[in-house]
Structures are given as structure tokens and as C-alpha cells.
Chemist: 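Structure in C-alpha cells, see below.
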Amino acid sequence: MAIRDILTVPDPLLKQVSKPVDAVDEALRALMDDMLETMYAAPGIGLAAIQIGVPQRVIVMDLARGDEERAPRYFVNPEITWRSEETQPYEEGCLSVPEIYDEVERPARVKLRYLDYNGQPVEEEAEGVFAVCIQHEMDHLDGVLFIDHLSRLKRERAVQKVKKAAKAA
Ligand code: NI
């Protein structure tokens, strides 16, 4: 396993639409292992493959709280099959937009299907932080960042802030 570099805005790769995965094989599991290690090191609760520059439809996530045991989750070729009409605001952040947090309104519950770490199909319903996180990560697969849901002014300000911080580092 290896920790990879996380791309930050305005890297153009983050706007790219990721391609479906053909097979859940050893190479893909190695990628998912690297993604998980990178996410834990950051630290973050979710990461899409494009955030480390790999345009494949793969997400890793761990919503366990600080004192809980790790609970890694893997989503290959995830699709949302249903969204609740009810929406919910949540203050989001993103490893590709470091130090920026803002409220995004999304469907409160979604149903999704995907392949797991072993390539097995799974269908489930998400709510709460899980619903927020899976929708945020799935946006990444389509080249969409959470700041794209904000006003243009807020988005431009966020990108400038990240650029400035990167230059100072
Ligand atoms: Ni993100």
C-alpha cells in the first residue's frame, strides 16, 4: 500500500468524468488499498479515485468516528437508483478543496447499487452522513466538486484561497 498525492483545485483532472471499471481484480483492489491509506492519512472520510488522478468510478469511505473501530467501505461503479424529495443541508468539506467548508443541500436519502471490494453487487439505502458522503463522492466521478453547488462568488473565492495556500506551502 502507498499514500498517493491528492489533487487540489484548480487541477483540471478534477473536472474529468471517470470511466466505469471493467473488472474488480487484484489491480483494482491494490488501487482501493492505496486510496484507503491515502484517505486515512489525510485524514478524510471519503475519497474518489480521480482525487489521486485515476479516472475510474471507484470510491472508498470510512464513517467510523474517532474512537470507533475502522469500517472501510468500497464502491465500484456506484449508481443512484432513487433520491428522496426531502432534502437536507450539511456542511461539507473536501480533501481536494482543503480548509473550505460550506453548506450544500442534497436529497436526504438515496438508494444505490454498486460492486464491493470483491466485485459482489450490493443494493442499499443511505441516509444521514452516509447519504451526504456518497452523493459528494459520486459527484467527483462526474467531475463535480461540492463548491460547484455554491454560488459562483463563493466558488471562485474558495479556489483562490486554495491556490494561495498551495503557493505558500
Ligand atoms: Ni470531495
Side-chain angles (χ1 to χ4, degrees), residues 1-9 11 14 18 24 28-54 56-78 80 83-84 86-118 120 122-141 144-150 154-155 157-159 161-166 168-169:
M1 293 210 281
I3 294 174
R4 313 269 200 107
D5 287 336
I6 296 176
L7 307 180
T8 57
V9 287
D11 193 307
L14 292 168
S18 295
V24 182
L28 190 78
R29 278 189 278 274
L31 170 69
M32 292 193 281
D33 291 346
D34 280 1
M35 286 170 62
L36 196 74
E37 198 180 352
T38 302
M39 183 192 82
Y40 283 140
I45 59 170
L47 189 77
I50 193 65
Q51 292 181 271
I52 57 164
V54 179
Q56 295 204 63
R57 303 188 80 83
V58 183
I59 290 164
V60 297
M61 191 184 295
D62 190 335
L63 301 175
R65 306 206 176 244
D67 52 346
E68 291 172 355
E69 218 175 299
R70 280 184 175 179
R73 312 188 51 157
Y74 309 86
F75 305 86
V76 178
N77 296 341
I80 288 179
R83 293 171 170 82
S84 66
E86 182 202 343
T87 59
Q88 197 183 314
Y90 192 88
E91 191 173 70
E92 297 187 21
C94 179
L95 295 175
S96 294
V97 195
E99 307 298 324
I100 306 289
Y101 301 90
D102 213 323
E103 207 166 77
V104 178
E105 183 116 12
R106 301 183 189 269
R109 287 176 295 133
V110 295
K111 284 184 184 161
L112 67 148
R113 62 166 172 242
Y114 57 92
L115 302 176
D116 68 10
Y117 191 78
N118 296 305
Q120 295 301 310
V122 181
E123 286 189 46
E124 68 183 316
E125 190 166 330
E127 59 177 8
V129 183
F130 180 27
V132 172
C133 195
I134 194 68
Q135 292 179 84
H136 173 120
E137 299 307 329
M138 284 182 66
D139 268 357
H140 277 298
L141 306 183
V144 175
L145 298 163
F146 85 95
I147 54 173
D148 294 326
H149 294 284
L150 308 177
K154 279 188 172 182
R155 179 164 61 248
R157 222 181 254 160
V159 173
K161 219 168 157 185
V162 173
K163 269 167 91 173
K164 206 187 255 180

Chemist: Side chains of Tyr74 and Asp33: is there a donor and an acceptor less than 3.5 Å apart?
Modeler: no
Chemist: By salt bridge (charged side-chain N to carboxylate O under 4.0 Å, His left out), which residues pair with Asp62, not counting sequence neighbours?
Modeler: none
Chemist: In Å, rounded to the nearest 0.5 Å, how long is the span from CE of Met61 to CZ of Phe75?
Modeler: 4.5 Å
Chemist: Between Pro107 and Ile80, is any pair of side-chain heavy atoms under 4.5 Å apart?
Modeler: no
Chemist: Could you list the donor-acceptor pairs under 3.5 angstrom formed by side chains in residues 46-53, with sequence neighbours left out?
Modeler:
{"from": "Gln51", "atom 1": "OE1", "to": "Ala48", "atom 2": "N", "distance (Å)": "2.9"}
{"from": "Gln51", "atom 1": "NE2", "to": "Ser96", "atom 2": "OG", "distance (Å)": "2.9"}

Chemist: Hey, does the side chain of Thr38 reach the backbone of Arg4 with a donor-acceptor pair shorter than 3.5 angstrom?
Modeler: yes
Chemist: Taking NZ, NE, NH1 and NH2 as the nitrogens, is one of them in Asp139 or Arg106 under 4.0 Å from a carboxylate oxygen of the other?
Modeler: yes
Chemist: So that I can tick it off, tell me whether Glu137 and Arg73 are bridged by a salt bridge, with the cut-off set at under 4.0 angstrom between side-chain N and carboxylate O.
Modeler: no
Chemist: Restricting to non-hydrogen atoms, name the atom on Met35 and the atom on Val58 that form the minimum distance, rounded to 0.1 Å.
Modeler: CE-O, 3.6 Å
Chemist: Return the NZ to CD1 distance between Lys154 and Ile100, rounded to the nearest 0.5 Å.
Modeler: 11.0 Å
Chemist: Got Val60 and Pro72 here, is their nearest side-chain heavy-atom distance under 4.5 Å?
Modeler: no
Chemist: Would you call Leu28 and Leu31 a side-chain contact if the rule is heavy atoms closer than 4.5 Å?
Modeler: yes
Chemist: Measure the shortest side-chain to side-chain distance between His149 and Val144 over non-hydrogen atoms and say whether it is less than 4.5 angstrom.
Modeler: yes
Chemist: Verify the neighbour count for atom CD of Glu105: are there more than 12 heavy atoms of other residues, nucleotides or ligands below 6.0 Å?
Modeler: yes
Chemist: For residues Ala108 and Ala131, report the shortest heavy-atom separation together with the two atoms involved.
Modeler: O-CB, 3.4 Å
Chemist: Is there a donor-acceptor pair under 3.5 Å between the side chain of Arg109 and the backbone N or O of Glu125?
Modeler: no
Chemist: Can you name the nearest heavy-atom pair linking Ala41 to Ile3, along with the distance?
Modeler: CB-CD1, 3.6 Å
Chemist: How many angstroms lie between CG in Leu63 and SG in Cys133, if you round to the nearest 0.5 Å?
Modeler: 5.5 Å
Chemist: If you count heavy atoms of other groups shown closer than 6.0 angstrom to CG of Asn118, is the number above 12?
Modeler: yes
Chemist: Hey, are the side chains of Arg70 and Tyr40 touching, using non-hydrogen atoms and a 4.5 Å cut-off?
Modeler: yes
Chemist: Enter the distance from Arg157:CZ to Leu150:CG here, rounded to the nearest 0.5 Å.
Modeler: 11.0 Å
Chemist: Once you round to the nearest 0.5 Å, how far does NE2 of His140 lie from CG of Leu95?
Modeler: 8.0 Å
Chemist: Is there a side chain to side chain contact (heavy atoms under 4.5 Å, CB included) between Val162 and Glu99 once you walk through the steps?
Modeler: CA-CA 8 Å; Val162 173; Glu99 307 298 324; over 6 Å; no
Chemist: Roughly how far apart are Phe130 CZ and Gln135 CD, rounded to 0.5 Å?
Modeler: 10.5 Å
